[in-house]
Amino acid sequence: MGGAGILRSSLFPATTGQVRRMQEHYSPEAIEAQVQRQWEEADCFRAHEDAAGEPFYCLSMFPYPSGKLHMGHVRNYTIGDVIARFQRMQGKSVLQPMGWDAFGLPAENAAMQNHVPPAAWTRQNIEQMRTQLKRLGFAYDWSREFATCDADYYRWEQWLFVRLLKKGLVYRKKATVNWDPVDQTVLANEQVIEGRGWRSGAVVERREMPQWFLRITDYADELLEALDGLDGWPDQVRTMQRNWIGRSEGVELEFAVDGGEPLTVYTTRPDTLFGVSYMALAPEHPRVQALAEQDAELAAFVADCAQGGVAEADLATMDKKGRALGFTARHPLTGEDVPVWVANFVLMEYGTGAVMAVPAHDERDHEFATKYGLPIRQVIAPADGAEVDVQQAAFTEAGVLVNSGEFDGQDSEAAKAAIAEHLEQAGIGRRRRNYRLRDWGISRQRYWGCPIPVIHCDTCGAVPVPEADLPVRLPEDVIPDGAGSPLARMPEFFEATCPECGKPARRETDTFDTFFESSWYFARYACADNEMAMLDARADHWLPVDQYVGGIEHAVLHLLYARFFHKLLRDEGLLASDEPFTRLLTQGMVIAPTFYRERGDGGKDWINPADVELERAEDGSVKAARHCEDGQPVVIGGMEKMSKSKNNGVDPQALIERFGADTARLFTMFAAPPDLSLEWSDSGVEGAHRFIKRLWRAVHEHVNGAVPGTLEVDALDDAGRELRRKLHDTIAKVTDDIGRRQTFNTAVAANMELLNDLGKFPQDAAGAAAVRQEVLEGIVRMLAPIIPHVTETLWQALGHDDLVAATPWPQVDEAARQAAQETLAVQVNGKRRAEIAVPAGADKDAIESVARNDENVQRHIEGQNVVKVIVVPGRLVNFVVKPQ
RNA sequence: GCCGGGAUGGCGGAACUGGUAGACGCGCCGGACUCAAAAUCCGGUUCUGGCAACAGAGUGCGAGUUCGAUUCUCGCUCCCGGCACCA
């Protein structure tokens, strides 16, 4: 790989012997472009299926091409690149691809604003962002790049959709959307602000529309149960997915209604069945709709409930309101009549659109009952016999049944089973497993997305587009105007003939949810050039992804949909594995300080941190801030996620131009562990830059000094042995930090410590130059994944002809790590009183006696009874004493 | 509202399996170099008291378990992420 000719560049003209000249000062602009050229000429990041070494697929979530790279991208992609380069140095055959999640709403918004078609805007953004990514030196195999808006990509999801449709995994039903009555268009949740459309300002209505759905609930059990095996995922993410799927065991039962269909409800608490004091129906419930036709007041109430957006957070926090419907339902066990209400908090899309209300033992039911004066009847008592007043607050825990007829005295668990059994016997109920997870609605009334390949025929219904006619291409020279989907107004797009009967028909104008594209892109990278098939055998060579890196905000939706798609592809025979991502790293946000000034009208003018000067107190704490230009004070607003709205974004481009890619990479890796939020700091960036300069200088001084010669371990003095011990301790730590713990910040810190120790290492120590050579080579290789450009240059300066990017990771010399002595703390009653040194491997008795004889320890145990001595070898000694 | 996180010096963070709290970096203070400044280098830096040795306090708040708790348990406060049409 690579030729020596490439490496003997003008920077390092070949000289005699080991020593090469290097520039005295570190200048990133000079070396980064040149090093990138070397990688490119060696083509060293192209993945080969037949390469030696175990395959390792390292993937970072692909970006939405919004225009410019932001710091969040820099962080995400640096983490992925560090892992990929580290694994390469471990001898793995690494695939690290990159591409573009190119469909989505921002392109439509930009189109409206700038009068540019989304396609042109998106492709231009891709060009710009690709250049920026290349400038950062990521080790991508660019030959596999694609954008999801390419027909070569989306044709395969159309193809898959047709197969799923034929298999019965796709169906059509009505679902609720945000409807803007002024713009006559469907809004995304993000476009609904305080219940109003973001452009029109009109009060948004919930409206039902026919939509395509994917039966993800068919896979709910597998998606849930397989989480237990995903031990390379953070527990936090697995827990969130478990709760999202929300499997529950309960009972479905009927409440009879005089002169009408019985009402079916689902409950996970059949033990509270005797406490039902009313029933509540969703405003969209067919029964309510029917009554409203006759009752103007009810109709007005239902219309009022339909105001506002569909987002769950809005629905869950709105005021609970309801209305009696004027009829009753019969309690299946007591035969009592309970009133039936309509309530805005009951959702038609969950379960049956009807709930049995037990106000004594459910908080939401309690709130509603209190508001409308409905009875609250206790049927569960605390198991410990404590008194509770259910009129005051719901008692929602399990307990012992009371006021429940023949079931009195049973505990909740037993009663659930007994009541379920009773209902089944009586033929009015059955045990059921229920999920919170709903089927995935994949239709979007949007232009900039993948067309859904269906033709609607008056005679034949919804007919899939025949395989031979795929792809259904999205016309690209279109500028949306915000008033509904442009496709629905383009006869040249929607006019079609029915593939079955040949009569004139109408093409579907909805497009896929953009999560569709991101649910399988990781597999397509394995065979992006295949024009004949969605996936081929190369997919199983690389998949599952060994390491996936991306933002925590994707913990549920994207990651659940991708897992689901992977299983769909498996069941189509396209993949062999069960899960897409073996190991997952979820990275935190990038945040920065905010500054503002109040405007006269109560609004705020946000000021970019770059334009603000800080005033500090003696101890360094920030006292005040003022604007650089006018010198007048500004308000300090705290740390927030970098955003346009708070004007606290830092453009990575400026950072790279000023300090170079390596500094940008080092700062993002050093400032925080990857899963925590990363706080932007100008001086932190300068600190990272300073460290690189120090490393450069250390190598420069070394290569201009004594010729190292061969390292002779036995000839070293104490200083040499001590430094080598530090080196090999550091290699062990950094290997673990990067490989297992993924705490890149501590890996960097350990190398900083090692370089500090090297700085204190005496020049005249025995074999000093050889030890220095070993230490510098170690640091250069350990930091190569993080700061690849400068280490590439330094590696060559240290006398190597190969690329550090393709060099094996340093090995730990266990012999060098043996220490003669160890220090441990001595505590008396848990308070540290001394530090002692003992020979390595000393036994407990020996350690205790050294500790006991320490002067300060003596002072503290004198005149006391030593009741216990705890000796933890290598750690500490603790004397537990009591006054005599 | 529901689900999931987080909180440690002036600041970002470290402490990996319950075992010396504050590694590393920033900032600040002092010094060296310089005509001077920048850059760089050296030293100090949790707080309180003390010249020091040392002592006391200390990991968001309140309890608990333990010889020993930043770490485990219970109850709070504040901040952040997600909530199915932002990606």
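Here the structure is a predicted model, which means the values were calculated and not measured. Throughout, a chain's letter reflects where its sequence line sits, starting with A, and its residues are numbered from 1. Values reported hereafter were calculated over all heavy atoms of this structure, with side chains retained and with hydrogens, waters and symmetry mates removed.
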* To do: Give a yes or no on this: more than 12 heavy atoms of other residues, nucleotides or ligands lie within 6.0 Å of atom CD of A:Glu363.
  => no

* Asked: What's the CD-C1' distance between A:Glu24 and B:rA39, to the nearest Å?
  -> 13 Å

* Structure fact -> As its Watson-Crick or G-U partner within any shown strand, both distances under 3.5 Å, B:rC61 has B:rG75

* Please confirm whether A:Tyr26 and A:His700 have ring centers closer than 6.0 angstrom. => no

* **B:rC67 versus B:rC54 - spacing of their C1' atoms, nearest Å** => 24 Å

* **Side chain of A:Glu679 (C-beta onward), nearest among B:rG12, B:rA84, B:rA15** => B:rG12

* Establish, yes or no, whether a centroid distance under 6.0 Å links the rings of A:Trp233 and A:Tyr548. => no

* **Pair assignment for B:rG18, Watson-Crick or G-U wobble, requiring both distances under 3.5 Å** => none

* **B:rA14 OP1/OP2 closer than 4.0 Å to side-chain N/O of A:Asn745** => yes

* For B:rG1 versus B:rC76, give the span between their P atoms, rounded off to a whole number of Å. => 13 Å

* Candidate nucleotides B:rU20, B:rA55, B:rG4, ranked by approach to the side chain of A:Leu876 - the nearest -> B:rU20

* Using whole Å, report how far CG of A:Asn243 lies from P of B:rG1. => 17 Å

* Do the two ring centres, one from A:Tyr154 and one from A:Phe103, sit under 6.0 Å apart? -> yes

* Tell me: CE of A:Met752 to C1' of B:rC26, nearest whole Å? -> 10 Å

* If we take the C1' atom in both B:rC26 and B:rC78, what is their distance in whole Å? -> 26 Å

* **Presence of A:Arg690 side-chain N/O under 4.0 Å of B:rC26 phosphate oxygens OP1/OP2** => yes

* Using the C1' atoms only, state how far B:rG58 lies from B:rA21, rounded to an integer number of Å. => 9 Å

* If the C1' atom of B:rU46 is compared with that of B:rU70, how far apart are they to the nearest Å? -> 15 Å

* Asked: How far does the P atom of B:rG22 sit from the matching atom of B:rG30, given to the nearest Å?
  -> 26 Å

* **Electrostatic pair A:Arg436:A:Glu312 at N-O distance under 4.0 angstrom** => yes

* Asked: Does A:Asn189 get its side chain close enough to the base of B:rC85, under 3.5 Å, for a donor-acceptor pair?
  -> no

* Has the side chain of A:Gln445 got a donor or acceptor that lies under 3.5 Å from a partner of the other kind on the base of B:rC85? -> yes

* Asked: Distance between the P atoms of B:rU65 and B:rC11, in whole angstroms?
  -> 33 Å

* Asked: In whole Å, what separates the C1' atom of B:rU17 from that of B:rC86?
  -> 41 Å

